[in-house]
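Here's the structure we're looking at; comments come further down.
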Amino acid sequence: MTLRLHDTLSGETRPLEPLTPGFVGIYSCGPTVYGPVHIGNFRSFLFADILVRYVRYRGLRVKWVMNVTDVDDKIIRGAAAAGVGIGELTERWTDRFLTDARILGMTDPDVVPKATEHIPQIVALIEELSRRGHAYRTDDGSIFYQISSWPGYGRLARLDPENMRVGERVESDEYGKDDVRDFALWKGPKRGEPSWSTEVGEGRPGWHIECSAMSMTHLGQTFDIHTGGVDLIFPHHEDEIAQSEAATGKEFVRTWLHCAFLQMAGRKMAKSAGNIARVDELLERGTPPRALRYALISVHYRMALAFSDESLAAAASAVERLDNVLAALDSYSEEREDDPSLDDVLANGRRSFEEALDDDLNVSGGLAAVFEVVRELNRRIGARSLSTADARRAADFLLDLDRVLGVMSAPTRKLESDVADLLEQRAAARAARDWAASDRLRGVLADHGIAVEDTRDGQRWRRVGEPSRA
RNA sequence: GGCGACGUGGUGAAGUGGCUUAACACGGAGGUCUGCAAAACCUCUACUCGGCGGUUCGAAUCCGCCCGUCGCCUCCA
């Protein structure tokens, strides 16, 4: 069994067959950094993260490239409004994006290219398109891609160019277009806007061209997987294909993966709709980061995901269940022979997990497999039928699957000295059967964010709301 | 107007022809364990998969129609 993925372009779900055996190149459309990224955006980044983690779990090497768009209309407007240069604005929000991503346990991409650092590559691509007759220049110094020169246009989005509704508004800088559907490769210089002096003239890159240039620069003219939200299918990815394939004459991307929307209050989460939630504000409200990650990854990526306070609370409880079993396994100790049936439980669990993830990254199914093992482990912990070594093996097993999920927390043995003191005092009180003191100390520890439980393996503690270990 | 996706319990959702008289998680009810609590475990919580027809020995799963929701065709993860 191998990983099968649903390709948007062909509409088929087919096995991942890397261009280079053992190596997968993945490009993910990242954020435009003009403000904080909301959790709807993060859903699509975390979906790519799961993909990367699972491909690596499967033993393949991955080069993951996620771009940052650091020059566009919104950035220019935002910088002007804030009275700062665009570099200052984009640096601030890029840092913030990467910080939030780490809080959510997202794997660091191998390369995070920026549009402004790829101007030569972008220009070279535009020149090639001009040479091949796919681009034309307008009076204001802009360069447009000529859609009519590319017969495959509309294939990805399944749109018939003839039937496309064309927006009524035609911006002044696009006035000279041959066809309103043509899109800008290069925008001519304007007062108050950043501009580069290049072989194709003064100006700045259009949006779509940067992703073609950056992905091909870092992954080659043809690469394995390109990801993004479904809203990028058209026009962004459609345009990327048109540009890239027209310029190289080669297939651009082997597999296109698109993540469905995160919905809140029955609508897609979008800045324009005003129904957005941000990482920092959720954290301020006391949301454990791993619970947020769980809430965003636990549903299949091609299904709309309903986000709400309730779904977040349910995710937090599920994550706690995982923490609890890991803590129980960690403190478990029993002098006895190994449980002969444990291997089967773990092997079956792993098989179910992999079958689900192989099936176009069915995370829900994978989680079901994990929780089935968790229940089985809890039974054995209660029955004291595991050996101490079994308990270690079981914990290692769960943490191994968590290389893909990134929602668990390995119990830490490290404690602040004051907390360690309190735990010792409580253990002493319990030994003396001083229940009043024991209960009081439990309350004090809770104030330190430490939950204490009494088990057959003695006092057990865990932190409430630990960050992801990823 | 064109194109597409989805509609499963109190909630979030797996499942896409027989293994499912529907997984997993959350929530709820009862019980076991425990000094108490928590955790955990056990039992129960959809005789049913938007509606109506059809195909089939057999359908939540395939087909048709209808209803509803969301989305794309414009910046958007």
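Just so it is clear, the values below take in all heavy atoms, side chains as well, and ignore hydrogens, waters and symmetry mates. In what follows, every chain begins at residue 1, and chains take the letters A, B, ... in the order their sequences are listed. Keep in mind the model is a prediction, meaning the values are calculated, not measured.
Separation of the P atoms belonging to B/C57 and B/U74 is 48 Å when rounded to the nearest angstrom. Nucleotides B/C42 and B/C36, compared at atom C1', are 22 Å apart to the nearest Å. When the C1' atom is used for both B/U45 and B/G2, the distance is 46 Å, rounded to whole Å. B/C44 and B/G50 have their P atoms separated by 25 Å, given to the nearest Å. The same atom, P, is picked in B/G15 and in B/G7; the two are 10 Å apart, to the nearest Å. Comparing B/A59 with B/U16, their C1' atoms sit 10 Å apart, to the nearest whole Å.
As judged by a 4.0 angstrom heavy-atom cut-off over every strand, A/Gly382 is placed among residues making no nucleic acid contact. Here A/Ala328 lies out of heavy-atom contact (under 4.0 Å) with every strand. Across all strands shown, A/Arg375 has heavy atoms under 4.0 Å from sugar-phosphate atoms exclusively, and none from any base. Across all strands shown, A/Ser272 has no heavy atoms under 4.0 Å from either base or sugar-phosphate atoms.
Between A/Leu329 atom CG and B/A40 atom P the separation is 12 Å, expressed in whole Å. Summarising the geometry, the separation between CZ on A/Phe261 and P on B/U69 is reported as 19 Å, rounded to the nearest angstrom. Distance, A/Leu367 CG to B/C26 P: 11 Å, rounded to whole Å. The CD1 atom of A/Ile297 sits 19 Å away from the P atom of B/C24 (whole-angstrom rounding). At whole-Å resolution of the value, CG in A/Leu312 and P in B/G27 are 13 Å apart. In this structure, A/Lys268 atom NZ and B/U69 atom P are separated by 19 Å, rounded to whole Å. When the P atom of B/C19 is taken as reference, atom CD of A/Glu355 falls 17 Å away, rounded to whole Å. Between A/Arg379 atom CZ and B/A40 atom C1' there is a gap of 11 Å when expressed in whole angstrom units.
Heavy-atom nearest nucleotides on RNA chain B were determined for A/Gly228 and for A/Phe371, and the one closer to the 5' end corresponds to A/Phe371. Toward the 5' end of RNA chain B, the nearer of the two residues A/Tyr294 and A/Lys271, judged by each one's closest nucleotide, is A/Tyr294.
In this structure, B/A40 and B/U32 make a Watson-Crick or G-U wobble pair, each of the two defining distances being under 3.5 angstrom. For B/C62, the paired base is B/G54 (Watson-Crick or G-U wobble, both distances below 3.5 Å). In this entry B/U74 has no Watson-Crick or G-U wobble partner, no candidate having both defining distances under 3.5 Å. Pair assignment for B/G68: B/C6, on the basis of Watson-Crick or G-U wobble contacts that are both within less than 3.5 Å. Nucleotide B/A14 is matched to nothing when pairs are restricted to Watson-Crick or G-U wobble geometry with both distances under 3.5 angstrom.
For A/Arg267, the side-chain atoms get nearest to B/G71 when compared with the rest of B/G71, B/A25, B/C72. For A/Ala318, counting side-chain heavy atoms from C-beta on, the closest listed nucleotide (B/C24, B/A25, B/A77) is B/A25.
Within a 6.0 Å sphere centred on CZ of A/Arg155, heavy atoms belonging to other residues, nucleotides or ligands number 12 at most. A 6.0 Å sphere centred on CD of A/Glu91 holds no more than 12 heavy atoms belonging to other residues, nucleotides or ligands.
Between A/Ser317 and B/A25 there is no side-chain polar atom (N or O) within less than 4.0 angstrom of OP1 or OP2.
Under the 30°/60° scheme for interplanar angles, the aromatic rings of A/Phe183 and A/Tyr153 are found to lie parallel. Classified by interplanar angle (parallel below 30°, tilted 30° to 60°, perpendicular above 60°), the ring pair A/Phe47/A/Tyr301 is parallel.
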Please list, pair by pair, any protein nitrogen or oxygen found under 3.5 Å from a nitrogen or oxygen in nucleotides 36-39 of chain B.
from: B/C36; atom 1: O2; to: A/Arg442; atom 2: NH2; distance (Å): 2.7
from: B/C36; atom 1: N3; to: A/Arg442; atom 2: NH1; distance (Å): 3.3
from: B/C36; atom 1: N3; to: A/Arg442; atom 2: NH2; distance (Å): 3.4
from: B/C36; atom 1: N4; to: A/Asp454; atom 2: OD2; distance (Å): 3.0
from: B/A37; atom 1: N6; to: A/Asp454; atom 2: O; distance (Å): 3.2
from: B/A37; atom 1: N1; to: A/Asp454; atom 2: N; distance (Å): 3.1
from: B/A37; atom 1: N3; to: A/Arg442; atom 2: NH1; distance (Å): 2.8
from: B/A38; atom 1: O2'; to: A/Glu453; atom 2: OE2; distance (Å): 3.4
from: B/A39; atom 1: O3'; to: A/Asn324; atom 2: ND2; distance (Å): 3.0

Produce the list of close N/O pairs, under 3.5 Å, pairing protein atoms with atoms of nucleotides 11-15 of chain B; give distances to one decimal.
from: B/A13; atom 1: OP1; to: A/Ala306; atom 2: N; distance (Å): 2.8
from: B/A14; atom 1: OP1; to: A/His300; atom 2: N; distance (Å): 3.4
from: B/A14; atom 1: O3'; to: A/Asn362; atom 2: ND2; distance (Å): 3.0
from: B/G15; atom 1: OP1; to: A/Asn362; atom 2: ND2; distance (Å): 2.9

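Residues A/Glu334 and A/Ser387 bring no donor and acceptor atom of their side chains to less than 3.5 Å of each other. There is a side-chain donor-acceptor pair under 3.5 Å between A/Arg380 and A/Ser341. Between the side chains of A/Trp186 and A/Ser142, no donor N or O sits under 3.5 Å from an acceptor N or O.
With A/Tyr34 as the aromatic partner, A/Lys271 meets the cation-pi criteria of under 6.0 angstrom to the ring centre and within 45 degrees of the ring axis.
We find the CZ-CG distance between A/Arg375 and A/Asn378 to be 9.5 Å, quoted to the nearest 0.5 Å. Of the inter-residue distances, the one linking A/Leu401 atom CG with A/Asp396 atom CG reads 11.0 Å to the nearest 0.5 angstrom. Summarising the geometry, atom OH belonging to A/Tyr145 is positioned 13.5 Å from atom CG belonging to A/Asp178; distances are rounded to the nearest 0.5 Å.
Screening A/Arg302, A/His258, A/His237, A/Arg158 against A/Thr8 for a side chain to side chain donor-acceptor pair (under 3.5 Å) leaves a single residue, A/His258.
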